[in-house]
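Below you'll find the structure, written out as structure tokens, and then a few comments.
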Amino acid sequence: MKDSTTLMAMPQAPRDFGFWRDGKWVRGREKAERRSPAHGLPVTLTEKCTLEDLDDTVAVARRAFEDRRWSGLSGAARGTVLLRTADLLRRRRDEIAYWEVLENGKAITQARGEIDHCIACFETAAGAARLLHGDSFNSLGDALFGMVLREPVGVVGLITPWNFPFLILCERVPFILASGCTLVVKPSEVTSATTLILGEILTEAGLPDGVYNVVTGPGRTIGQALTAHPDVDMLSFTGSTAVGRSCVHAAADSNFKKLGLELGGKNPIIVFADSDLEDAADGAAFGVSFNSGQCCVSSSRLIVERSVAAEFEKLLADKMKKIVVGDPLDPATQIGAITTNAQFDTIFGFIERGQAEGATVVTGGKVLDFGRGQYIEPTLFSGVTRNMAIARDEIFGPVLSSFHFDTVDEAIEIANDTVYGLAASLWTKNIDKALTVTRRVRAGRFWVNTIMAGGPEMPLGGFKQSGWGRETGLYGVEEYTQVKSVHIEIGKRSHWVS
Ligand code: TXE
């Protein structure tokens with residue numbers, strides 16, 4: 001780790017945030033302190049909202065929806081606010097990236113790249129707001145005409161996690177706003193800063209008060225109450241599969257609110273012998289280590305053709321050893337700290353369990369001690385069997401388990417041997433294999449000869465226990481709409497009662 005004087009400075013004192021309601025800051029509740037996971041120092045203070053705060057905030061979002069101050073505008077007018085937001089984000093890019101790093105522990109260069117992606121989300125959604133449309137049926141006979149309207153679903157509750165606090169927010173908020181909905185957002189209690197800053201920015205961009213609101217506080221109180229709230233029309237949740245399941249129960253027990261869920265993954269990266277092995281090794285090193293592996297689409301299972309397995313694992317291990325782990329405020333750092341103590345214990349627990357169950361560490365496996373913060377080396381396991389915990393469970397850390405195959409069918413069978421279906425990556429120069437595997441592996445996002453590529457034009461979301469619904473692109477706007485069928489009679493009615 002470099003001398004701290006060569007790095008960006010830490011804040012003198014923790015930044016003190018209110019929560020964001022009806023276009024202004026609200027303060028005065030008990031405070032929660034967040035310490036930087038990379039430095040161990042306090043960086044932010046946020047409000048612990050009460051259940052009454054939540055009710056009041058949902059009521060604000062409800063009023064803003066019912067009086068049509070936002071949904072009543074044209075798509076073009078909504079798009080203009082989203083484009084202005086993109087401009088303001090561009091101006092405040094470095095500031096937002098800085099707070100993201102301090103609360104999350106991710107590398108500063110990565111965080112800046114994420115803000116660029118967020119800007120692109122707002123720009124894409126601005127266009128989508130203008131393009132959103134329904135359908136018509138001119139095929140119902142001369143006496144009847146049919147229209148299908150898309151209407152905003154209403155008040156949306158949005159619960160986001162700590163791994164990509166701003167990116168996951170921006171893969172949803174602009175698309176929800178494009179649809180005409182209003183929002184109550186509950187960010188993770190450890191990474192709330194940038195979600196709150198977005199409130200200020202949206203208001204400056206001209207978003208009417210009460211359309212975007214943020215409550216802060218623990219998931220098990222405020223988050224849980226939002227999932228069960230009878231006046232929330234739709235809940236979008238990104239986080240653990242266990243809490244996702246509790247959202248389904250809460251929706252059923254309250255008002256059958258519509259749900260969007262993005263949950264865990266156990267994502268395969270399949271490498272055929274005919275691929276460019278150097279490219280594939282680089283892709284795998286990136287896929288497992290990016291954001292310290294705390295990514296729902298991180299590569300977690302390497303499935304490599306047996307004839308090249310030894311050569312490939314060596315290439316990959318050499319790459320993984322060269323990844324620069326360190327202080328996230330250092331621009332040279334590629335991966336920073338593990339975001340929470342609990343996640344650090346989870347990841348290290350899996351590394352110990354993998355060894356205890358008989359797998360072999362090819363590289364990594366150790367905690368990196370820089371005197372402060374919590375860091376884990378990118379880790380590759382070989383000799384993994386399919387019943388081991390590291391083969392089946394989401395680790396959510398920089399840990400990759402290697403499996404070997406002999407045939408295309410076997411590669412597909414191993415890839416599908418999971419309850420999850422979020423993402424998959426495939427490396428081959430053979431078009432037949434590429435298309436066959438893409439068609440038969442059950443995952444919501446697929447990358448061929450690349451990994452974690454793409455932009456907000458394309459939809460994202462999971463198959464199987466990885467979730468329900470899709471975010472981003474026109475799909476991501478439609479997700480937050482309801483479809484209404486309108487039947488219009490033409491001419492004189494043929495009477496039922498004579
Ligand atoms: O997630 P939680 P945690 C996975 C990953 C990780 C595990 C646990 O495997 O190791 O989940 O992480 C809010 N009702 N992912 O415990 O608890 C919470 O405040 C309503 C994958 O941090 O699911 C936060 O805002 N909300 C994932 C959000 O849920 C509740 C990203 C996520 O926290 C709640 C994160 C409740 N009862 C973790 N309890 C991905 N898909 O990217 C908590 N929350």
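First listed ligand is number 1; within each ligand, the first listed atom is number 1. Numbering starts at 1 and runs along the sequence shown. Computed from a predicted model, the values in this text were never measured in an experiment.
- Inspection of the Arg172 and Thr238 side chains reveals an N or O donor paired with an N or O acceptor under 3.5 Å.
- An N or O contact shorter than 3.5 Å links Lys186 to ligand 1 by distance.
- Ligand-side atoms of ligand 1 in range of Pro187: 25 (O), range being under 4.0 angstrom from any heavy atom.
- Arg62 has no carboxylate O lying under 4.0 Å from a charged side-chain N of Asp55, or vice versa, which leaves the two without a salt bridge.
- Here's the thing with Val243: none of its N/O atoms is less than 3.5 angstrom from an N/O atom of ligand 1.
- Under the 30°/60° scheme for interplanar angles, the aromatic rings of Phe290 and Phe286 are found to be tilted.
- For ligand 1, none of its N or O atoms has an N or O atom of Thr346 under 3.5 Å away.
- Residue contact check: Gly223 has heavy atoms under 4.0 Å from atoms 14 (N), 20 (C), 26 (N) of ligand 1.
- In the vicinity of Ser188, heavy-atom distances shorter than 4.0 Å reach the ligand 1 atoms 24 (C), 25 (O).
- Residue-to-ligand polar distances keep Thr227 apart from ligand 1: every N/O pair is separated by 3.5 Å or more.
- Here is the list of ligand 1 atoms found below 4.0 Å of a heavy atom in Cys296: 40 (C), 41 (N), 42 (O).
- The shortest N or O to N or O distance between Asn163 and ligand 1 is below 3.5 Å.
- For the pair Phe237 and ligand 1, a heavy-atom separation below 4.0 Å is found.
- In Leu263, the part holding a heavy atom less than 4.0 Å from any atom of ligand 1 is the backbone.
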